[in-house]
Amino acid sequence: MPAQPAHKRILLKLSGEALMGDDAFGINRATIVRMVQEIAEVVNMGVEVAVVIGGGNIFRGVAGGSVGMDRATADYMGMLATVMNALALSDTMNKQGLISRVMSAIAIEQVVEPYVRPKALQYLEEGKVVIFAAGTGNPFFTTDTAAALRGAEIGAEMVLKATKVDGVYSADPQKVPSAERYSRISFDEAMAQNLGIMDATAFALCRDQKLPIKVFSIFKHGALKRVVLGEDEGTLVYA
Ligand SMILES: Nc1ncnc2c1ncn2[C@@H]1O[C@H](COP(=O)(O)OP(=O)(O)O)[C@@H](O)[C@H]1O
Ligand SMILES: O=c1ccn([C@@H]2O[C@H](COP(=O)(O)OP(=O)(O)O)[C@@H](O)[C@H]2O)c(=O)[nH]1
């Protein structure tokens, strides 16, 4: 008998920057195709998958703000960047035989449908992949917070944060090579140590809702499937 998934419904957060692959910016075709193949594997196991996609490969509000732009304006540009990524992801999914629907937190109806919670739940029950675009719809937030928010709203059993590093470390591993990886850490410990893997708003929301987070590498082949099967992969952040 094939292995059974440990989770029925998950919220997958895909880092925008991971979509760049080895490119300097934008969306790397081979990278997005490979990501979709990994997602298809878990969808085909019967897991209901919702995705929150970032936008850092195209635009980051903090970067715009730092060069003198009004921060809120820069953040709206960042949200629009996530819509572009969502459309690219959805297109790639549909070409690979998955059925996906993009829902936006900001009104942009000629392009994608608005986020309506019951509709999102219906799509998930029908086995469609729902891609949440435009983050939370508010400036000064991140797509990590959107992942926590939407994860809680749809009753996901876990938030899966697919990123460039393979877990939560004692310090940023890209800056401190000697940092050690945790196999599990509580929200309180992660927040007390100010670990930069996720912003505090996202951590706090997940902690309050008792929604665990699994941090793992999007570049590691088969990692998503192993997380869904409940195998030892990445770092578990628990309440
Ligand atoms: N304690 C830590 N453990 C792991 N990664 C960390 C830590 N502190 C900072 N980071 C950094 O956080 C990044 C992941 O955050 P993420 O928000 O997914 O990136 P992005 O902003 O591209 O989406 C990693 O690239 C890593 O360098
Ligand atoms: O609820 C949100 C989500 C995102 N953003 C903006 O969109 C950008 C891209 O999102 P993020 O940086 O979270 O993407 P990732 O780190 O995953 O690439 C952010 O920098 C913000 O400027 C925002 O203003 N509100």
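Numbering of ligands and ligand atoms starts at 1, following listing order. Nothing here was measured: the structure is a model prediction, and the numbers come from that model.
- Of all protein heavy atoms, the one lying nearest to atom 5 (N) of ligand 1 is I197 CD1, 3.3 Å.
- Listed by number with element, the atoms of ligand 1 under 4.0 Å from a non-hydrogen atom of L195 are 1 (N).
- Cation-pi check for R150 over Y115 is met; the charged atom lies under 6.0 angstrom from the ring centroid and within 45 degrees of its normal.
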Salt bridge (charged side-chain N to carboxylate O under 4.0 Å, His left out) assessment of E233 paired with K214: CA-CA 8 Å; E233 181 68 56; K214 196 83 186 239; over 6 Å; no
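- Tested against L121 for a side-chain contact (heavy atoms from CB on, under 4.5 Å), the candidates V116, V130, I154 yield a single pass: I154.
- By the criterion of a heavy-atom distance under 4.0 Å, the side chain of P173, and not its backbone, is placed next to ligand 1.
- G78 CA, 3.7 Å is the protein heavy atom nearest to atom 8 (C) of ligand 2.
- The nearest protein atom to atom 22 (O) of ligand 1, hydrogens excluded, is given as K164 NZ, 3.2 Å; this is a heavy-atom distance.
- The distance criterion of under 3.5 Å between nitrogen or oxygen atoms is met by T163 with respect to ligand 1.
- At distances below 3.5 Å, at least one donor-acceptor pair connects side-chain atoms of N57 with backbone N or O atoms of G26.
- For the pairing with L14, the side-chain contact (heavy atoms from CB on, under 4.5 Å) check across V52, N85, L89 returns one residue only, L89.
- The pair K8-E48 meets the salt-bridge criterion, with a side-chain N (NZ, NE, NH1 or NH2) lying under 4.0 Å from an Asp/Glu carboxylate O.
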Working for side-chain contact (heavy atoms from CB on, under 4.5 Å), residues L160 and V228: CA-CA 9 Å; L160 274 50; V228 166; 4.1 Å; yes
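- Close contacts between ligand 2 and P139 involve ligand atoms 24 (O) [criterion: under 4.0 Å to a heavy atom].
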Candidate pair T31 and M20, rule side-chain contact (heavy atoms from CB on, under 4.5 Å), full reasoning: CA-CA 7 Å; T31 305; M20 300 192 298; over 6 Å; no
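- If you number the atoms of ligand 2 from 1 as listed, the ones under 4.0 Å from a heavy atom of E17 come out as 18 (O).
- Close approach of ligand 2 to S15 (heavy-atom distance below 4.0 Å) involves ligand atoms 17 (O).
- Of all the heavy atoms of R60, the ones lying under 4.0 Å from any atom of ligand 1 belong exclusively to the side chain.
- Taking a cut-off of under 4.0 Å to the non-hydrogen atoms of G56, the atoms of ligand 2 that pass are 14 (O), 15 (P), 18 (O).
- Near K13, with a cut-off below 4.0 Å to any heavy atom, the atoms of ligand 2 are 17 (O).
- For atom 3 (C) of ligand 2, the closest heavy atom belonging to the protein is T142 C, 3.4 Å.
- Side-chain N or O atoms of R117 include one that pairs as donor or acceptor with a backbone N or O of E153 at under 3.5 Å.
- For ligand 2, the polar-atom distance check against T82 finds no nitrogen or oxygen pair separated by under 3.5 Å.
- The contact set between ligand 1 and G196, taken as ligand atoms under 4.0 Å from a residue heavy atom, comprises 8 (N), 9 (C), 12 (O).
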Worked verdict on N28 versus D22 for side-chain contact (heavy atoms from CB on, under 4.5 Å): CA-CA 8 Å; N28 179 279; D22 292 327; 5.8 Å; no
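- Where the criterion is an N or O separation shorter than 3.5 Å, residue side chain and backbone included, F59 fails it with respect to ligand 2.
- Nearest residue to atom 24 (C) of ligand 1 from I185, L19, T235, V165 is V165 (criterion: closest heavy atom).
- For atom 1 (N) of ligand 1, the nearest non-hydrogen atom of the protein is Y169 O, 2.7 Å.
- Each of the following atoms of ligand 1 lies closer than 4.0 Å to a heavy atom of Q174: 25 (O), 27 (O).
- Checked by atom type, the side-chain pair E41/Q37 shows no donor-acceptor distance below 3.5 Å.
- Atoms CD and CD1, on E17 and I58 in that order, are 11.5 Å from each other to the nearest 0.5 Å.
- Checked against a 3.5 angstrom limit, the closest N/O atoms of G55 and ligand 2 fall inside it.
- Below 4.0 Å from some heavy atom of E17 lie the following atoms of ligand 1, by number and element: 22 (O).
- Among protein heavy atoms, atom 22 (O) of ligand 2 sits closest to D75 OD1, 2.5 Å.
- Annotation for ligand 2: atoms under 4.0 Å from non-hydrogen atoms of G16 are 15 (P), 17 (O), 18 (O).
- Close N/O approach between F141 and ligand 2 is found [any backbone or side-chain N/O within under 3.5 Å].
- For atom 11 (C) of ligand 1, the nearest non-hydrogen atom from the set D144, V215, D172, N57 belongs to D172.
- Applying the 4.0 Å criterion to heavy atoms of T136 picks out, from ligand 2, the atoms 1 (O), 2 (C).
- When hydrogens are left out, the protein atom nearest atom 4 (C) of ligand 1 is G167 O, 3.3 Å; that is the closest non-hydrogen contact.
- Remark: ligand 2 and R60 share an N or O pair separated by less than 3.5 Å (distance only, no angle test).
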Worked check of side chain to side chain donor-acceptor pair (under 3.5 Å) between S183 and D232: CA-CA 8 Å; S183 64; D232 185 24; 5.7 Å; no
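- Of the protein's non-hydrogen atoms, G61 N, 3.1 Å is the one closest to atom 20 (O) of ligand 2.
- In terms of protein heavy-atom proximity, atom 13 (O) of ligand 2 is closest to T143 OG1, 2.5 Å.
- Looking only at heavy atoms of the protein, atom 16 (P) of ligand 1 is closest to K161 NZ, 3.3 Å.
- For the residue pair F216 and A223, the shortest heavy atom distance occurs at CD1-CB, 3.8 Å.
- At a threshold of 4.5 Å between non-hydrogen side-chain atoms, the residues I185 and L195 count as touching.
- The shortest non-hydrogen separation linking Q174 to D172 is N-OD1, 2.9 Å.
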Audit row: M35, L19, side-chain contact (heavy atoms from CB on, under 4.5 Å) steps and yes/no: CA-CA 9 Å; M35 278 186 198; L19 287 181; 3.7 Å; yes
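- Note on V215: it clusters hydrophobically with Y182, by side-chain heavy-atom contacts below 4.5 Å among ILVMFWY residues.
- Residue G56 places no heavy atom under 4.0 Å from ligand 1.
- Interface of N138 with ligand 2, defined as ligand atoms under 4.0 Å from a residue heavy atom, comprises 1 (O), 2 (C), 23 (C), 24 (O), 25 (N).
- Screening L149, I213, D144 against C206 for a side-chain contact (heavy atoms from CB on, under 4.5 Å) leaves a single residue, I213.
- Under the 4.0 angstrom criterion for non-hydrogen atoms, G54 is not in contact with ligand 1.
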